[in-house]
Amino acid sequence: MDRPLSGLIDILTLPGHRAATQHWLALYRAGGNRVPALRDLDPLQFPAALPDIWIVNHDPDGRFRFHLLGQNMIDWHGSNPKGLSFEDIYTPEMLPVVTAMVRRVIEQPAVVYQKAQSVTRNRSLPVPIERIALPLADAEGRVRHLFGVTVFMTRDGHGSGPLRTELQVDDWYPVETAET
């Protein structure tokens with residue numbers, strides 16, 4: 001469901017989500033309603049989120065690759081997928097879901113907030129997660145990156161990444177840019 005960007009911060013309850021999003025919104029407003037650049041992120045502004053962050057690049061070949069992951073994300077996947085493409089990491093069932101989400105955040109651009117249940121190989125019950133994903137620009141101002149914070153609501157089930165994810169909340173916040 002599409003919602004106004006002005007209401008985004010009000011729905012976030014997790015400290016890491018709030019801190020990362022407040023920083024992104026401050027950069028967005030300071031830039032005259034332009035998607036912030038990756039180089040402008042200041043991790044000191046969202047220390048509570050650092051174990052849960054991830055950054056994805058949209059490469060010129062059209063693939064999405066992990067650029068950076070916090071330790072909880074590395075633990076979730078069972079290894080550090082930095083530099084690997086989505087095709088290298090996700091199951092055939094998960095690949096189109098993750099790719100569509102990332103593509104929309106970058107191409108629209110938009111911010112997405114999701115609550116989901118993630119099914120893994122290592123746990124009989126789904127793992128509840130909450131995720132926020134925000135667009136970022138490259139040095140030339142093109143939206144080519146995605147900055148996210150994913151919080152796993154349980155510590156077990158880590159090590160193999162998701163087999164599939166079932167969304168309970170899928171809220172989209174279109175980003176009005178100075179260019180549009």
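Throughout, numbering of the chain's residues begins at 1 and tracks the sequence.
In this structure, R18 contributes its side chain and L12 its backbone to a donor-acceptor pair below 3.5 Å. Judged purely by atom type and a 3.5 angstrom limit, R3 has no side-chain atom pairing as donor or acceptor with the backbone of W172. Although no hydrogens or angles enter the test, the distance criterion places a donor-acceptor pair under 3.5 Å between the side chain of D138 and the main chain of E140. The closest donor-acceptor contact from the side chain of D42 to the backbone of L44 lies under 3.5 Å. Not one N or O on the side chain of H23 forms a donor-acceptor pair closer than 3.5 Å with the backbone of L41.
In this structure, L134 and V105 have side chains that are not in contact, with every pair of non-hydrogen atoms separated by 4.5 Å or more. Proximity of Q22 to I9: side-chain heavy atoms (C-beta onward) are separated by under 4.5 Å at one or more points.
Contacts of E87 classified as salt bridge (charged side-chain N to carboxylate O under 4.0 Å, His left out), with partners at least two apart in sequence or in another chain: none. The side-chain contact (heavy atoms from CB on, under 4.5 Å) search around P174 returns D2, Q108, not counting sequence neighbours. Taking R63 as the reference, nothing meets the salt bridge (charged side-chain N to carboxylate O under 4.0 Å, His left out) condition, with sequence neighbours excluded.
The nearest pair of heavy atoms linking P135 to V175 is CG-CG2, 4.3 Å. In terms of heavy atoms, R103 sits closest to G62 at NH2-O, 4.0 Å. The minimum heavy-atom distance between N72 and F152, with the atom names listed, is O-CE1, 4.0 Å. Across every non-hydrogen atom of L8 and I132, the tightest pair is CD1-CD1, 3.9 Å. Between P96 and E93, the shortest heavy-atom distance links the atoms CD-O, 3.7 Å. Nearest heavy-atom pair, M101 versus A133, reported as atom, atom and distance to 0.1 Å: SD-CB, 4.2 Å.
Distance OH/Y173 to CG/L5: 9.0 Å, rounded to 0.5 Å. Atoms NE2 and CG, on H67 and L146 in that order, are 12.5 Å from each other to the nearest 0.5 Å. One distance of note links CG of L50 with CE of M73; it measures 13.5 Å at 0.5 Å rounding. To the nearest 0.5 angstrom, E130 atom CD is 6.0 Å from H17 atom NE2. Rounding to the nearest 0.5 Å gives a distance of 11.0 Å between CG of L14 and OG1 of T150. Rounding to the nearest 0.5 Å places CG of D88 at 7.0 Å from CZ of R65.
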So L136 and V143, side chain to side chain contact (heavy atoms under 4.5 Å, CB included) or not? Walk me through it.
CA-CA 6 Å; L136 291 173; V143 180; over 6 Å; no
Q114/V169 under side chain to side chain contact (heavy atoms under 4.5 Å, CB included): CA gap, chis, key distance, verdict
CA-CA 5 Å; Q114 298 175 325; V169 174; 5.9 Å; no
For the pair I74 and W76, evaluate side chain to side chain contact (heavy atoms under 4.5 Å, CB included) and give the outcome as yes or no after the intermediate values.
CA-CA 5 Å; I74 293 168; W76 175 250; over 6 Å; no
Report the C-alpha separation of F64 and I106 in whole Å, then their side-chain angles, then the decisive distance to 0.1 Å, and conclude whether the side chain to side chain contact (heavy atoms under 4.5 Å, CB included) test is met.
CA-CA 11 Å; F64 297 102; I106 289 174; 3.8 Å; yes
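V97 and V127 are not part of a single hydrophobic cluster, where members link through side-chain heavy atoms under 4.5 Å apart. Tracing side-chain contacts under 4.5 Å through hydrophobic residues (I, L, V, M, F, W, Y), one reaches V151 starting from V112; they form part of the same cluster.
In summary, the aromatic rings of F147 and F46 are positioned with their centroids under 6.0 Å apart.
Between Y28 and W24, the two ring planes are parallel [angle under 30°; tilted spans 30° to 60°]. Ring pair F66/F86 is tilted by interplanar angle, where 30° to 60° counts as tilted.
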